[in-house]
Amino acid sequence: MKQTQAFQAEIKQLLDLMIHSLYSHKEIFLRELISNASDACDKRKFLSLTDEKMLPAGMDLEIQLEVDKEKKLLRIIDNGIGMSHEEVTKNLGTIAHSGTKELLKHVQEAKDRPELIGQFGVGFYSAFMVADKVTVHTQKAGTTEGVLWESTGDGTFTTDAIPRPHGAGTTITLHLKPMDGEDESQDFTAEWTLKGLVKKYSDFIRYPIKMKVEKPKTEDEKTDKEKNTETNEFEVLNSQKALWLKSPSEIKDEEYKEFYQQIAHDWQSPLKTIHYKAEGTLEFHALLFIPSKQPWNYYSRDSEYGLNLYVKRVFIMNDCKDLLPPYLRFVRGLVDSSDLSLNVSREMLQHDRQVGAIRKSLTSKVLNTLKDWIQKNRSEYETFWAEFGPTLKEGVANDPTTKEKLQDLLLFKSTASEQWISLDEYIQQKPEEQKAIYYLAGENLTQLQASPYLEKLKKKGYNVLLCVDPVDEWVTKSLNQYKDIKLQSVAEENLDLSSEDEKKEFKGLEERFQPLLQTIKGHLEKHLQDVRITDRLTDTPACLVSSSNGMSAHMEHILAKLGKEDVPHSKRILEINPKHPLIERMLLCQDQTQKLWAELLYNQALLFEGSPLPEPHQFAKSINDLMMKQASL
Ligand code: ADP
C-alpha cells in the first residue's frame with residue numbers, strides 16, 4: 001500500500017538547498033550515487049563471506065548506468081545489499097548524524113563548492129540537483145520484498161511494497177530536469193558525458209561500472225577477452241585500478257591524489273602519501289594517506305575511521321579499526337594482505353594475530369614517516385601537527401609503550417615565541433642551570449601568557465611550554481621526563497627556582513611569617529591543604545598550587561566538562577609572596593583583617609587558576625566594603 005511521509009525538517013532544508021542550488025558542478029551527483037552503490041556492493045560482499053546465501057555463486061557485483069533519452073531518465077542500478085522498508089524510510093528520510101544543525105551549516109557554506117558535499121554523508125540528496133523526481137526501487141539481499149520510494153523533493157516522499165524485478169539491489173531512477181542551455185556536458189543522458197564523469201570521479205571504484213553502448217563493437221573491434229564474454233553491448237567505464245599493487249615509481253602524484261579523494265570522500269589533496277610493500281614473514285601492500293585537514297565531523301562520535309581491508313585484492317571491509325591504534329585514526333587508506341583468510345569477520349579481526357602484526361608494522365611505518373617528516377620538512381609537519389597533533393598526542397597518554405617513539409614528534413607552544421617548539425629544542429635552548437622542563441596548562445594561550453604562575457620564570461628568562469589541549473596534561477604527566485629532565489608544572493608545589501643565597505634568606509622569612517600562615521590556614525581550613533610562603537611570585541600576592549600527587553585545577557575542569565561524575569577534588573595549597581607589600585602589611589594587621597584579606601587573596605587565586613568562586617556575591621561584597629572604606633577616608 002502506498003504511504004506518504006514527510007521528510008525530517010533538516011532534510012527538507014537540505015533538499016531546498018539542493019533544488020535551488022546554482023552549483024556549477026551538478027555532475028557530482030553521479031559520483032555520490034555510484035559511491036553509494038559501491039558501498040552497497042561492499043556490504044553484500046562482506047555478508048556473503050560468512051553467509052553464502054547472500055550472494056549466489058556466479059553472481060558478480062556490479063553497477064550499471066542506463067539511460068532513456070526520450071523520457072530523459074538516468075538509472076543507476078546496483079546488485080548490492082539493498083534496503084528494507086524500514087531502512088529506506090530511515091536512510092532516505094532522516095539524517096543519521098548527531099549534529100544535523102552543524103551539518104546544514106556546513107552544507108550551506110559549501111553552497112558554491114559542490115565537490116565538498118561528499119564529505120558530509122548526504123550524497124543521495126544531491127540527485128535533486130539534476131532531477132525533479134527521484135525513484136528508488138530496492139530490495140534487501142536475503143528477502144523477497146521490494147520497496148519503491150519516490151519523491152519530487154517537495155517535503156514528502158512515498159513508499160510502496162513492490163517486488164523488484166532484478167531481485168536484491170537498488171535501482172535509482174532520476175527524472176532529469178530540462179537542461180539550462182545547450183551545454184552537452186550537462187546532458188546526463190549523453191554517453192560521452194557519462195563516460196567522462198565516471199573516468200573523472202569514479203575510476204577507482206572496485207566494481208565494474210557498466211553502460212549499454214549505443215553501437216556495440218563489431219567482431220573485429222573486440223579484444224580477445226571481449227570475444228569470450230557473452231554480452232557485448234555493455235562497456236565497462238572504469239579501470240578499477242588496484243593502484244596499490246603498482247610500484248610507487250610508476251604512479252603519478254595526480255593518480256595518488258585522485259585515488260585518495262575517491263576513498264576518503266575528500267576534495268583536497270592528501271598532505272602525505274605512504275605507499276609500501278611488506279615482505280618476509282608478513283606480506284601486504286599498504287597505501288596510506290594523511291589528509292591535509294580534519295574532516296568536518298572529526299570530533300563527532302559517529303565519525304567513521306579505519307582503513308579499508310583487502311585480502312589478495314578482494315575487498316573485505318571498510319573502516320577496519322584494528323589495523324591502526326586509535327591515536328593514528330586520522331590516517332586513511334587501505335591494506336591488502338596475502339596472509340589473512342577471506343572469511344574474516346569484524347569480531348575475528350580483533351583477536352587475529354596476523355592483524356596484530358600488520359598493525360604493528362603499519363604503526364611503526366607511520367611513526368617513522370612522521371619522524372622523517374619533522375626532520376626534513378618542518379613547516380609541512382607543523383601544518384600536519386596543527387590538524388592532527390592532538391590525536392597523535394593521545395598515544396603518549398593512553399599507551400605507555402609508545403612514549404619513546406612519540407616524544408620526539410611532539411610540538412608545543414611556549415612563552416618564548418609564537419613558534420612551535422619540540423622538547424629537544426626546548427632543552428637545547430634552556431640555560432644550563434635550569435633544572436626542569438616547565439609547562440603550564442590552561443584554557444587558552446592569552447590567559448596562560450598573562451598568568452602569575454609565570455612571573456618568576458619570565459624574570460629568570462626560562463621558557464615555559466603552554467598547554468592548551470585538553471589532553472596535554474595527561475601527556476606531560478605520562479612522559480614525566482624527557483632525556484632525564486623532569487617535566488614540571490609551574491602550577492604545582494615544590495617549584496624550586498631559588499639560588500642558594502635566596503634559599504638562606506627565605507629560611508629567615510619563614511619564621512617571621514609563621515603566625516600569619518597559621519591564621520590563614522585556620523581560617524580557610526575547609527578549602528586548603530596548606531598555606532606556605534613562596535618564591536615563585538614577584539608581582540602577585542598569592543596563588544594556588546596543586547600538590548604533586550594531586551590533580552590540577554585544569555584537569556578537574558576538563559573532567560567536569562566531560563560530564564565525569566565523582567571527579568576527585570584535591571585541596572590546594574595557597575602560596576603567598578612574602579615580598580609583596582600587601583603581604584608585608586598583612587603582618588601588621590589585626591586578626592579580623594588578616595582573615596578578611598586571606599579570603600580575598602584566596603578568591604583572587606581561584607580566578608588566576610581559572611576556577612569559579614564558591615561565593616561570588618560574598619567576594620563582591622567584601623570588595624565593595626573595602627571600596628566604601630577607601631571612599632570615606
Ligand atoms: P551516506 O552514503 O554518506 O551515508 P547518503 O545520503 O548518500 O549518505 O545515503 C544514506 C544512506 O542510504 C546510506 O548510508 C545507505 O545506508 C543508504 N543507501 C543509499 N544508496 C544506497 C544503495 N544504492 N544501496 C543501498 N543503500 C543505499
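Aromatic ring centres of W373 and F388 lie farther apart than the 6.0 Å criterion allows.
Although no hydrogens or angles enter the test, the distance criterion places a donor-acceptor pair under 3.5 Å between the side chain of R164 and the main chain of H137. Judged by distance alone, with hydrogens and angles left aside, the side-chain atoms of D266 form no donor-acceptor pair with the main-chain N or O of Q261 at under 3.5 Å. Side chain of T4 to backbone of T158: no donor-acceptor contact under 3.5 angstrom is found. Of the possible donor and acceptor atoms, none in the side chain of D160 sits under 3.5 Å from a partner among the backbone N and O of L148. A donor-acceptor distance shorter than 3.5 angstrom exists from the side chain of D339 to the backbone of E283, with no hydrogens or angles considered. Not one N or O on the side chain of D319 forms a donor-acceptor pair closer than 3.5 Å with the backbone of K321. The backbone N or O of H175 lies less than 3.5 Å from no partner atom in the side chain of K72, so there is not a single donor-acceptor pair. Under a 3.5 Å cut-off, the side chain of D372 and the backbone N or O of N368 do not form any donor-acceptor pair. Within the 3.5 Å criterion, the main-chain N or O of K365 finds a donor-acceptor partner in the side chain of T369. Using a distance-only test at 3.5 Å, with no hydrogens or angles considered, no donor-acceptor pair links the side chain of D469 to the main chain of P390.
In this structure, M211 and V198 have side chains that are not in contact, with every pair of non-hydrogen atoms separated by 4.5 Å or more. With a 4.5 Å cut-off on side-chain heavy atoms, N79 and H166 do not count as touching. Taking the side chain as every heavy atom from C-beta outward, L174 and I76 approach each other to under 4.5 Å. Using a 4.5 Å heavy-atom threshold, the side chains of K45 and R206 count as separate. Taking the side chain as every heavy atom from C-beta outward, E145 and S84 never approach each other to under 4.5 Å. For the pair D352/D322, no side-chain contact is recorded, criterion being any heavy-atom separation below 4.5 Å from C-beta on. When side chains are defined from C-beta on, L197 does not count as touching R31, because their heavy atoms never get closer than 4.5 Å. Looking at I274 and V331, their side chains never come closer than 4.5 Å, going by heavy atoms from C-beta outward.
Residue L61 comes nearest to C41 through the heavy atom pair CD1-O, 3.5 Å, listed as atom of the first residue, atom of the second, then distance. Minimum interatomic distance between K210 and E62 (heavy atoms only, all atoms of both residues): NZ-OE1, 2.8 Å. When all heavy atoms are compared, the tightest approach of L73 to T189 is O-CG2, 3.9 Å. Minimum heavy-atom separation, T402 to G395: OG1-O, 3.0 Å. When all heavy atoms are compared, the tightest approach of L367 to L392 is CD2-CD1, 4.3 Å. Among all heavy-atom pairs drawn from P325 and T363, the shortest one is CD-OG1, 3.2 Å.
The pair E394-R329 meets the salt-bridge criterion, with a side-chain N (NZ, NE, NH1 or NH2) lying under 4.0 Å from an Asp/Glu carboxylate O. E86 and K90 are not joined by a salt bridge, as no carboxylate oxygen comes within less than 4.0 angstrom of a charged side-chain nitrogen.
Considering CG of L324 and CG of L307, their distance stands at 4.5 Å, rounded to 0.5 Å. Atom CG of D203 is separated from atom CZ of F259 by 10.5 Å, given to the nearest 0.5 angstrom. The distance from the CG atom of L33 to the CZ atom of R75 is 14.0 Å, given to the nearest 0.5 Å. If you take CZ on R313 and CH2 on W244, they are separated by 6.0 Å, rounding to the nearest 0.5 Å. Considering CD of Q268 and NZ of K257, their distance stands at 10.5 Å, rounded to 0.5 Å. Distance check: L49 CG to D51 CG gives 10.5 Å after rounding to the nearest 0.5 Å.
The local environment of NZ in K277 is sparse, with at most 12 non-hydrogen atoms from other residues, nucleotides or ligands closer than 6.0 Å. Atom NZ of K272 is surrounded by more than 12 heavy atoms from other residues, nucleotides or ligands within 6.0 Å. No more than 12 heavy atoms of other residues, nucleotides or ligands lie within 6.0 Å of NZ in K293, so this atom counts as exposed by the packing criterion. Around atom NZ of K199, more than 12 heavy atoms belonging to other residues, nucleotides or ligands sit under 6.0 Å away.
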Evaluate the criterion side-chain contact (heavy atoms from CB on, under 4.5 Å) for residue pair F46 and N318; output intermediate values, then yes/no.
CA-CA 10 Å; F46 187 66; N318 52 19; over 6 Å; no
Quick one: do F384 and Y381 satisfy ring-ring contact (aromatic ring centres under 6.0 Å, His included)? Show the steps, please.
CA-CA 5 Å; F384 154 76; Y381 182 82; 5.3 Å; yes
Kindly indicate, with the supporting measurements, whether the criterion side-chain contact (heavy atoms from CB on, under 4.5 Å) is fulfilled by I205 and I34.
CA-CA 8 Å; I205 291 288; I34 289 179; 4.0 Å; yes
Show your working on side-chain contact (heavy atoms from CB on, under 4.5 Å) between Q354 and S337 and close with a plain yes or no.
CA-CA 9 Å; Q354 299 276 7; S337 154; over 6 Å; no
For S185 and D187, run side-chain contact (heavy atoms from CB on, under 4.5 Å): C-alpha distance rounded to whole Å, both residues' side-chain angles, the deciding distance at 0.1 Å, then the answer.
CA-CA 6 Å; S185 73; D187 178 1; over 6 Å; no
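Geometrically, K393 does not engage Y327 in a cation-pi contact, judged by NZ or CZ lying under 6.0 Å from the ring centre and within 45° of the ring axis.
In this model, a donor atom of one side chain and an acceptor atom of the other lie less than 3.5 Å apart for E27 and Y201. For the residue pair H85 / T159, a side-chain donor-acceptor distance below 3.5 Å is found, with atom types taken as modelled. Counting only N and O atoms by type, the side chains of D42 and Y207 include a donor and acceptor under 3.5 Å apart.
Classified by interplanar angle (parallel below 30°, tilted 30° to 60°, perpendicular above 60°), the ring pair F29/F188 is perpendicular. Note on ring orientation: taking the six-membered ring where Trp is involved, the planes of W149 and F124 are perpendicular (angle over 60°, cut-offs 30° and 60°). Classified by interplanar angle (parallel below 30°, tilted 30° to 60°, perpendicular above 60°), the ring pair H275/Y256 is perpendicular. Taking the six-membered ring where the residue is Trp, F284 and Y276 present perpendicular rings, their angle passing 60° and hence far from 30°.
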